[in-house]
Protein chains: 2
Amino acid sequence: MEDAKNQSAARATGSATEPGLGLADELPGGRARPKTGKSEQTRAVILETAMRLFQERGYDKTTMRAIAQEAGVSVGNAYYYFESKEFLIQGFYDRMTHDHAEDATVRMRGVKDFSDRLEIALISWLDTAAEYHEFAAQFFRTAADPDSSLSPFSNESHPARATAVALFREVLDGSDLAPKLDAELAELLPDLLWLHLMVVVLYWVFDRTPDTERTREFVRRSTPVAARVLGLSRYRVFRPIVRDAKSLIQDFILPTIGRTAVK
Amino acid sequence: MEDAKNQSAARATGSATEPGLGLADELPGGRARPKTGKSEQTRAVILETAMRLFQERGYDKTTMRAIAQEAGVSVGNAYYYFESKEFLIQGFYDRMTHDHAEDATVRMRGVKDFSDRLEIALISWLDTAAEYHEFAAQFFRTAADPDSSLSPFSNESHPARATAVALFREVLDGSDLAPKLDAELAELLPDLLWLHLMVVVLYWVFDRTPDTERTREFVRRSTPVAARVLGLSRYRVFRPIVRDAKSLIQDFILPTIGRTAVK
DNA sequence: ACCCGCTTTTGAACATGTTCAAGGTCGGCT
DNA sequence: AGCCGACCTTGAACATGTTCAAAAGCGGGT
């Protein structure tokens with residue numbers, strides 16, 4: 001559990017932040033390394049090829065040899081840029097998060113009702129992720145490993161989560177519910193709504209209905225309930241229970257998922 | 001996603017129900033097959049050996065070759081009894097569920113307060129699972145695969161879940177809370193509490209504190225909140241929201257997790 | 001005793017993720 | 001030009017889960 005971290009690894013760092021179309025024109029005369037751009041390009045080719053093959057054949061059926069061959073490089077070269085096969089998934093993760101945030105923002109424009117905004121954000125995720133549902137299960141298995149850096153919670157260095165949480169902050173802030181809420185609670189909500197998305201994702205992964213219609217219905221049904229619970233939270237009677245829930249979330253949930261926004 | 005199910009597999013069926021000490025003395029002159037007991041014994045030896053090695057070295061570090069060698073059989077023979085390496089995990093799963101139910105029942109004896117009973121049941125699970133925490137992560141990754149028959153929800157043929165749900169029914173029924181609850185809600189609760197356990201398990205898998213102290217604290221803090229929410233549910237004001245939540249659970253949660261008790 | 005068919009067992013072969021020592025490329029320095 | 005060192009690239013070798021055709025028990029019918 002504490003080993004296997006000292007081989008030739010330690011390469012394949014950073015990047016993975018670009019949605020996929022980067023060509024490294026930026027920072028022409030960078031820090032201290034020449035950075036011909038050639039290297040970045042090789043990396044990009046490998047990633048693009050992998051993502052395409054994953055989508056065409058699924059994760060398990062896509063071999064590293066096939067990726068290397070299609071990308072026109074050697075197997076070892078792929079490993080020079082990506083620590084393991086799993087790390088190639090990161091590409092999807094980042095791209096999806098980016099696309100989702102963009103799409104949801106557009107769709108929410110003009111909508112004020114919190115429940116509606118939340119539903120839009122979640123449905124938007126389902127639409128964005130739709131084309132990957134086929135092999136999402138295999139990808140999910142990997143993401144569930146706490147030791148993997150691909151785990152949605154835990155493991156720092158995940159700007160994707162920050163992007164997603166920011167989106168949910170927008171869901172809340174742009175709604176008519178925001179001004180009515182307790183400030184402290186409002187502070188926790190973006191992370192909590194992201195957690196709601198994680199639950200939806202879990203549901204979605206297991207969903208085998210056509211077009212994941214069941215998950216969509218689940219979203220349509222659960223968002224109004226969530227909205228209603230939040231709406232009620234400001235009444236006096238609930239003061240104590242809201243306090244409990246808040247501290248529970250603050251002390252035990254957020255610290256575990258990477259405290260994106262907490263101070 | 002729909003293939004690889006027609007090879008030499010289809011063996012390695014049933015069983016996996018015994019906590020581990022079965023020797024097949026029962027049913028001496030069984031149905032139609034001789035069933036020397038030899039076969040069952042080989043299977044048992046392989047399973048026991050595998051479980052021991054998993055515990056000693058972890059899941060990934062235990063090779064099928066090592067299991068076979070230690071068990072004194074050939075690799076192929078292990079595959080004759082177990083469809084894959086993952087299926088060996090089932091042994092743990094079943095044993096733990098059994099031990100947990102037994103231990104929790106004893107510990108709850110005499111305790112009436114619902115919150116206390118729930119806490120006992122959950123802490124009991126943590127104690128039962130403690131020795132496996134080391135390699136639980138690796139096991140968890142497998143369990144997260146919707147296509148795997150080891151997934152805690154979905155995939156029928158899991159008596160373990162029924163056992164666990166029955167335990168939580170006992171948690172509720174033996175408490176002072178039971179008579180105060182709406183009958184319909186009470187019917188859903190066992191499954192819901194089992195879901196609570198699943199959340200705790202998720203938390204536990206990611207928990208790296210000594211003796212998983214953080215998870216224990218999480219349990220101690222979350223059970224009173226759960227109890228309070230349930231206690232409140234019988235008041236009139238909440239009628240509508242309870243109704244919403246109930247139908248949400250009934251229509252979307254339970255059917256997905258294998259409707260252990262629903263009718 | 002012998003053969004038949006079934007279950008059980010074997011071990012070599014296969015597939016695929018991963019490693020690694022060796023070599024190649026390239027920009028700059030002398 | 002020629003060399004240096006860092007960065008890239010290669011492909012064979014390795015580790016391990018899995019398959020499969022063949023062989024080895026084994027029980028009963030003749």
Side-chain angles (χ1 to χ4, degrees), chain A residues 3-13 24 28-46 50 53-54 57-69 71-89 138 141-142 145 148, chain B residues 3-13 29-46 50 53-54 57-69 71-89 138 141-142 145 148:
Chain A
D3 52 0
K5 281 289 179 223
N6 44 354
Q7 288 95 307
S8 74
R11 185 57 37 43
T13 44
R31 286 330 126 58
R33 351 106 194 196
K35 206 76 160 263
T36 339
K38 179 82 178 314
S39 173
E40 284 301 316
Q41 194 175 319
T42 305
R43 183 197 163 87
V45 168
I46 294 170
L53 293 186
F54 285 164
R57 326 176 176 175
Y59 182 74
D60 285 342
K61 292 237 192 78
T62 303
T63 70
M64 288 301 281
R65 286 168 179 77
I67 294 171
Q69 183 166 8
V73 300
S74 70
V75 188
N77 203 6
Y79 277 92
Y80 179 75
Y81 288 102
F82 298 92
E83 204 173 314
S84 76
K85 189 182 175 186
E86 297 186 354
F87 275 68
L88 285 164
I89 298 178
Q138 298 164 335
R141 176 188 36 186
T142 291
D145 186 347
S148 165
Chain B
D3 52 1
K5 279 286 180 226
N6 44 353
Q7 288 94 312
S8 73
R11 186 56 40 39
T13 43
R31 292 322 135 58
R33 349 109 192 193
K35 202 77 158 264
T36 337
K38 179 81 180 316
S39 173
E40 284 301 316
Q41 195 174 320
T42 305
R43 182 198 164 86
V45 168
I46 294 171
L53 292 186
F54 286 165
R57 326 176 178 176
Y59 182 73
D60 285 342
K61 293 238 192 78
T62 304
T63 70
M64 288 301 281
R65 284 168 181 79
I67 294 172
Q69 183 166 7
V73 301
S74 70
V75 190
N77 203 6
Y79 277 92
Y80 178 74
Y81 287 103
F82 298 92
E83 203 174 315
S84 76
K85 188 181 175 187
E86 296 186 356
F87 274 68
L88 286 164
I89 298 179
Q138 298 164 336
R141 178 189 31 186
T142 292
D145 187 346
S148 164

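By convention in this document, chain letters (A, B, ...) are assigned in the order of the sequence lines, proteins followed by strands, and residues within each chain are numbered from 1. The analysis underlying the following values was restricted to heavy atoms, covering all of them including side chains, and did not include hydrogens, waters or symmetry mates.
Here the P atom of nucleotide dT18(C) and the CG atom of N77(A) are 16 Å apart, to the nearest Å. Spacing between atom CZ of F87(A) and atom C1' of dT18(C) amounts to 14 Å, rounded to whole angstrom units. One atom, CD of Q69(B), and another, C1' of dT10(C), lie 15 Å apart when rounded to the nearest Å. Nucleotide dT18(C) holds its P atom 18 Å from the OH atom of Y81(A), rounded to whole Å.
T142(B) places no side-chain N or O within 3.5 Å of a backbone atom of E86(B) that could act as its donor or acceptor partner.
Taking each heavy atom of F54(A) and K85(A) in turn, the nearest pair found is CE2-CE, 4.1 Å. Shortest non-hydrogen contact noted between E83(B) and F87(B) is OE1-CZ, 3.8 Å.
Rounded to 10 degrees, the angle separating the terminal helix axes of the helix from dA1(C)-dT30(D) to dT30(C)-dA1(D), each built from five base pairs, is 30°.
Between T62(A) and Q138(A), every side-chain heavy-atom pair lies at or beyond the 4.5 Å cut-off. For the pair Y59(A) and I89(A), the minimum side-chain heavy-atom distance is below 4.5 Å. Taking 4.5 Å as the limit, every side-chain heavy atom of M64(B) sits out of range of all side-chain heavy atoms of F82(B). Proximity of L88(A) to I67(A): side-chain heavy atoms (C-beta onward) are separated by under 4.5 Å at one or more points.
At dT9(D), none of the side-chain N or O atoms of Y80(A) fall inside 4.0 Å of OP1 or OP2 (strictly under the cut-off). Here T42(A) does not reach the OP1 or OP2 of dC8(D): none of its side-chain N or O atoms lies under 4.0 Å away. Checking the phosphate oxygens (OP1, OP2) of dG11(C), no side-chain nitrogen or oxygen of S74(B) falls inside 4.0 Å.
The OG atom of S74(A) lies 12.0 Å from the OH atom of Y80(A); values are rounded to the nearest 0.5 Å.
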Just the atom pairs and distances: protein N or O near nucleotides 13-17 of chain C's N or O, under 3.5 Å.
{"unit_1": "dG17(C)", "atom_1": "OP1", "unit_2": "K85(A)", "atom_2": "NZ", "d": "2.9"}
{"unit_1": "dG17(C)", "atom_1": "OP2", "unit_2": "M64(A)", "atom_2": "N", "d": "2.8"}
{"unit_1": "dG17(C)", "atom_1": "N7", "unit_2": "R65(A)", "atom_2": "NH1", "d": "2.8"}
{"unit_1": "dG17(C)", "atom_1": "O6", "unit_2": "R65(A)", "atom_2": "NH2", "d": "2.7"}

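Not counting sequence neighbours, the partners of A71(B) by the side-chain contact (heavy atoms from CB on, under 4.5 Å) test are V45(B), I46(B), T49(B), V73(B).
Among the atoms of the strands shown, base atoms are found under 4.0 Å from some heavy atom of V75(B).
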